[in-house]
Amino acid sequence: MDDLKRMAIFATVVRHGSMSGAARALGMSPSAISQQVRLLEQAGGVTLLHRSTRKLTLTEAGARYHAQCAAMCAAADQARAELAASRDVPSGELRLAAPVGFARHIAPSLGPLLAAHPALRLHLLVDDALIDLIEARVDLAVRFGGLPDSSWAARSLGTLHWWLCAAPQWLARHGMPQTPGQLLDPPWLGFAREGGLRIEMKSSAPGAESHTLRVQPRIASNNQLSIQQMCEAGLGLALLGSIDVQDALESGQLVRVMPQWHFGPADGLRIWAVTPQRDTQPAKVRQAIAALQDYLRQQPGVSD
């Protein structure tokens, strides 16, 4: 490492044409500069500079050596510029992990960022399993709900809420439920959990009536998107994420059931941006998190 430092000092001496000029540029004394160049010459066994009281000139060996030292300094400057660019401008590959059901939101949320920065590339890893961020070299992961203890950093993107939904054809056959008790008999669709589904519900009317129901799903899945598709096919009732069902509600594929009731935890389901490091993030990660946050804030049924 000392040799690399001396090479940089030597290149600075040549660039400024004097020991004193290099000393001013580097914040060192002229004698310290001269000593570093002398040590470089001793280590190489050649004279690099002809010294006189008025000027310095390169020897033949010094000229060849200086070309490589200058190239090294230029590479170091370029490396610093790359770090600054990474800090200030999104570029390179962004490796993003997200659950299958959230994948449909990636294009509308990150599309403008990608369009504005052609040097930014996206590598999307879609999996409902929790991907190891370090092993998969993930820069940013979208996660939902409670997070396990870890050294990773998590930032809230918003909170979604559960909406009870059914297909119009199912409601035509079975009718629209009006009371909590009428939710016990219909077929449910939901995640496969031991002991069935625990449905928490609280009225938005004065008095805040609340109920907790236990139902056994007729169709269970470990994938939220599949549950929504089966609900749209008229196979039963399902609690679906507010960010996922707006298009289906607007198109008439789904109908919101008992909208005067809040389902699930009162504070909703938190959406997280998880990164493998807590220190300063590159621009590609910072701006991707901001873009996801802005997008989610505009979605119906999502709160801060």
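Reckoned from all heavy atoms, side chains included, excluding hydrogens, waters and symmetry mates. When a residue number appears, it is its place in the shown sequence, counting from 1.
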Task: Nearest-0.5 Å distance, CG of residue Leu239 to CD1 of residue Ile199 - done: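 Nearest 0.5 Å value for the CG-CD1 distance: 4.5 Å.
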TODO: State the CG-CG distance between Leu140 and Leu292, to the nearest 0.5 angstrom.
DONE: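 Interatomic distance, Leu140 CG to Leu292 CG, rounded to 0.5 Å: 6.5 Å.
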Polar side-chain atom of [X] near backbone of [Y] as donor-acceptor pair, under 3.5 Å:
X      : Y      : value
Asp128 : Val100 : yes
Arg15  : Ala22  : no
Glu41  : Thr47  : no
Gln298 : Asp294 : yes
Trp188 : Ala238 : no
Gln299 : Tyr295 : yes
Ser34  : Pro30  : no
Gln182 : Gln178 : yes
Glu250 : Val245 : no

Task: Working for salt bridge (charged side-chain N to carboxylate O under 4.0 Å, His left out), residues Arg95 and Glu135 - done: CA-CA 12 Å; Arg95 294 178 66 86; Glu135 183 178 342; over 6 Å; no
Open item on the list: Between Leu58 and Leu48, does the side-chain contact (heavy atoms from CB on, under 4.5 Å) criterion hold? Intermediate values first, please.
Closed with: CA-CA 6 Å; Leu58 287 167; Leu48 300 173; 5.6 Å; no
Do [X] and [Y] have side-chain atoms, one donor and one acceptor, less than 3.5 Å apart?
X      : Y      : value
Gln224 : Gln228 : no
Gln281 : Arg286 : no
Glu209 : His211 : yes
His105 : Asp244 : yes

Task: Worked check of salt bridge (charged side-chain N to carboxylate O under 4.0 Å, His left out) between Lys202 and Glu200 - done: CA-CA 7 Å; Lys202 185 175 183 178; Glu200 298 178 29; over 6 Å; no
TODO: Would you please test Leu96 and His123 for side-chain contact (heavy atoms from CB on, under 4.5 Å) and show each step?
DONE: CA-CA 6 Å; Leu96 172 66; His123 187 133; over 6 Å; no
TODO: Dump the intermediate steps for side-chain contact (heavy atoms from CB on, under 4.5 Å) on Leu254 and Leu240, then the final yes or no.
DONE: CA-CA 11 Å; Leu254 288 175; Leu240 302 174; 3.7 Å; yes
Residue pair [X] / [Y]: nearest heavy atoms and the distance that separates them:
X      : Y      : value
Gln169 : Gly234 : NE2-N, 3.8 Å
Pro186 : Trp170 : CB-CZ2, 3.5 Å
Gln253 : Pro168 : O-CD, 3.2 Å
Ser221 : Met230 : CB-CE, 4.4 Å

Task: Stepwise side-chain contact (heavy atoms from CB on, under 4.5 Å) test for Leu164 and Leu183 - done: CA-CA 10 Å; Leu164 183 60; Leu183 299 178; 3.9 Å; yes
Surrounding [atom1] of [X] (heavy atoms of other residues, nucleotides or ligands, distance under 6.0 Å), is the total greater than 12?
X      : atom1 : result
Gln260 : CD    : yes
Arg104 : CZ    : yes
Gln42  : CD    : yes

Task: Parallel, tilted or perpendicular: rings of Phe10 and His66 (30°, 60°) - done: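 It falls in the perpendicular class, over 60°.
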Would a hydrophobic clustering, with Ile, Leu, Val, Met, Phe, Trp and Tyr connected at side-chain separations under 4.5 Å, put [X] with [Y]?
X      : Y      : result
Ile289 : Val142 : yes
Ile33  : Leu4   : yes
Val14  : Leu39  : no
Ile131 : Ile134 : yes
Leu225 : Trp163 : no

Task: side-chain contact (heavy atoms from CB on, under 4.5 Å) partner of Leu49, the single match among Thr59, Thr57, Val37, Leu40 - done: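 Only one option passes, and that is Val37.
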Open item on the list: Both conditions, 6.0 Å and 45 degrees, for the charged tip of Arg143 above the ring of Trp272: are they met here?
Closed with: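 No, Arg143 and Trp272 do not form such a contact.
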